[in-house]
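Below is one structure, written out as structure tokens; the observations come after it.
Naming: A, B, ... by sequence-line order, numbering from 1 per chain. FYI, side chains are in, hydrogens and waters are out, and symmetry mates aren't considered; it's all heavy atoms of this structure.
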Number of protein chains: 2
Amino acid sequence: MLIMTIDLTNLRQKFREREYKLTPQRQIILQVFLDNRDKHLSAEDVHNIVRQQSNDIGLATVYRTLELLSDLDVLQKMDFGDGRSRYEINETSTPHHHHHLICLSCGEVREFEDDLLEELENVIAKKSNFTIVDHQVKFYGYCQECRKQRED
Amino acid sequence: MLIMTIDLTNLRQKFREREYKLTPQRQIILQVFLDNRDKHLSAEDVHNIVRQQSNDIGLATVYRTLELLSDLDVLQKMDFGDGRSRYEINETSTPHHHHHLICLSCGEVREFEDDLLEELENVIAKKSNFTIVDHQVKFYGYCQECRKQRED
DNA sequence: CTTAGTGCAAAACCTTTGCAACTCT
DNA sequence: AGAGTTGCAAAGGTTTTGCACTAAG
């Protein structure tokens, strides 16, 4: 499997192809995701991080950039049921490589690397006449720590 | 596997246990889901259906009831990325039996019956030290009809 | 009766949009 | 220079909340 890491050079190329402009705002926002690879950031999270770095960017621009980067498959938009969209960087060129484990007690969202779903995808595509290009899987349960607390 | 269909008798019992009141509004809203087992209704959908039956219920009450029924596991709350929560009835006592196929072109959401994920769940639970109690799977792709249109 | 539930309108949120000013290429 | 981008404030859409009134148990 070809692993393709997204970086600035890479992005510059993607932007040139589509005649988008690589503004400082867009670079800064991408950098936030590069610096927070394991997090699932909301628009507001991104806005706050940028402000902490004394690089203020309008919230509307954050939203517009998140949408743009999602369209370019640089980011992946997701929903964990907390009333806002969250985004994370799409590390590789082939989609769907990790799932999310969501703790029903503390709300922690952990990632889990795995691709045992390829086979399932094929079965479903065949049976249902759907051409599947991606999937999102969320597992709900209880993390180790919450389990310990419950035992007390 | 024990199949448990949700009906009014059933709900009455659940409500008694928790000392909730079984109001006409709540009964009507449950009935909407019983009459639309294959749909994924939003709060507004439910509100409209109820109004069509000349049984007006305040939208706030619809929201409060949807939350209540979700807490009771009578409904399952889900998100298909269209900016509103959608709900469907939880047919059986054991969770997770169908997945959703979401067409990226027309937005259609279709259900797919399957439980090949049990095994995957066990693998992940073991590796990650998470006690998994449920999962949600969404497959993104293109339905047969949109595929045909693309070929034209 | 008593406590929970309802309806309404207002508020709270998150997200999108219109527009004038600005800036990459 | 010119098309795309930004920032701001306003608007949009969904969901939640305060409160007086009502009704289920």
Under the side chain to side chain contact (heavy atoms under 4.5 Å, CB included) rule, collect the residues that match up with T61(A), sequence neighbours excluded.
-> Q25(A), I57(A), R64(A), T65(A)

Spacing of CZ belonging to F112(A) relative to CD1 belonging to I132(B), to within rounding of 0.5 Å | 8.0 Å

Fit a plane to each ring of F139(B) and H135(A), take the angle between them on a 0 to 90° scale, and name the class: parallel (under 30°), tilted (30 to 60°) or perpendicular (over 60°).
-> perpendicular

Between the side chain of D134(B) and the main-chain N/O of Y140(A), is any donor-acceptor distance below 3.5 Å?
-> no

Side chain to side chain contact (heavy atoms under 4.5 Å, CB included) against D38(A), all qualifying residues, sequence neighbours excluded = none

To the nearest Å, give me how far apart CG (D45(B)) and P (dG13(D)) are.
-> 16 Å

Test item: R26(B) side-chain N/O and K21(B) main-chain N/O as donor-acceptor pair under 3.5 Å = yes

Whole Å only: how far is the NE2 atom of H47(A) from the C1' atom of dG7(D)?
-> 10 Å

Between its two end axes (five pairs each) the helix from dC1(C)-dG25(D) to dT25(C)-dA1(D) turns, nearest 10 degrees, through 40°

Where chain A begins and ends its contact with DNA chain C, read 5' to 3' at 4.0 Å from heavy atoms | dC14(C) to dT25(C)

Which residues in residues 49-57 of chain A have at least one heavy atom lying under 4.0 Å from any atom of DNA chain C?
-> none

Derivation of the side chain to side chain contact (heavy atoms under 4.5 Å, CB included) call for V62(B) and V50(B) | CA-CA 10 Å; V62(B) 173; V50(B) 167; 5.8 Å; no

Salt-bridged, D45(A) to R86(A), with N to O below 4.0 Å?
-> yes

Interatomic distance, CD@E108(A) vs CD@Q144(A), rounded to 0.5 Å, equals 10.5 Å

How far apart are the C-alpha atoms of I124(A) and F130(A), what are their side-chain angles, what is the distance that settles it, and do they pass the side chain to side chain contact (heavy atoms under 4.5 Å, CB included) test?
-> CA-CA 8 Å; I124(A) 291 177; F130(A) 233 82; 5.8 Å; no

How would you label the contact of E19(B) with the nucleic acid (heavy atoms, under 4.0 Å): base, sugar-phosphate, or nothing?
-> nothing

side-chain hydrogen bond (donor to acceptor under 3.5 Å, both in side chains) partner of H100(A), the single match among K138(A), H40(A), R110(A) | H40(A)

Can you give one letter per nucleotide of nucleotides 15-25 of chain D, 5' to 3': B if a protein heavy atom sits under 4.0 Å from the base, S if only from the sugar-phosphate, - if neither?
-> BBBB-----BS

Distance col, row L11(A):CG vs Q13(A):CD, nearest 0.5 angstrom, shows 10.0 Å

Taking K14(B) for its side chain and L72(B) for its backbone only, find out whether a donor-acceptor pair lies under 3.5 Å.
-> yes

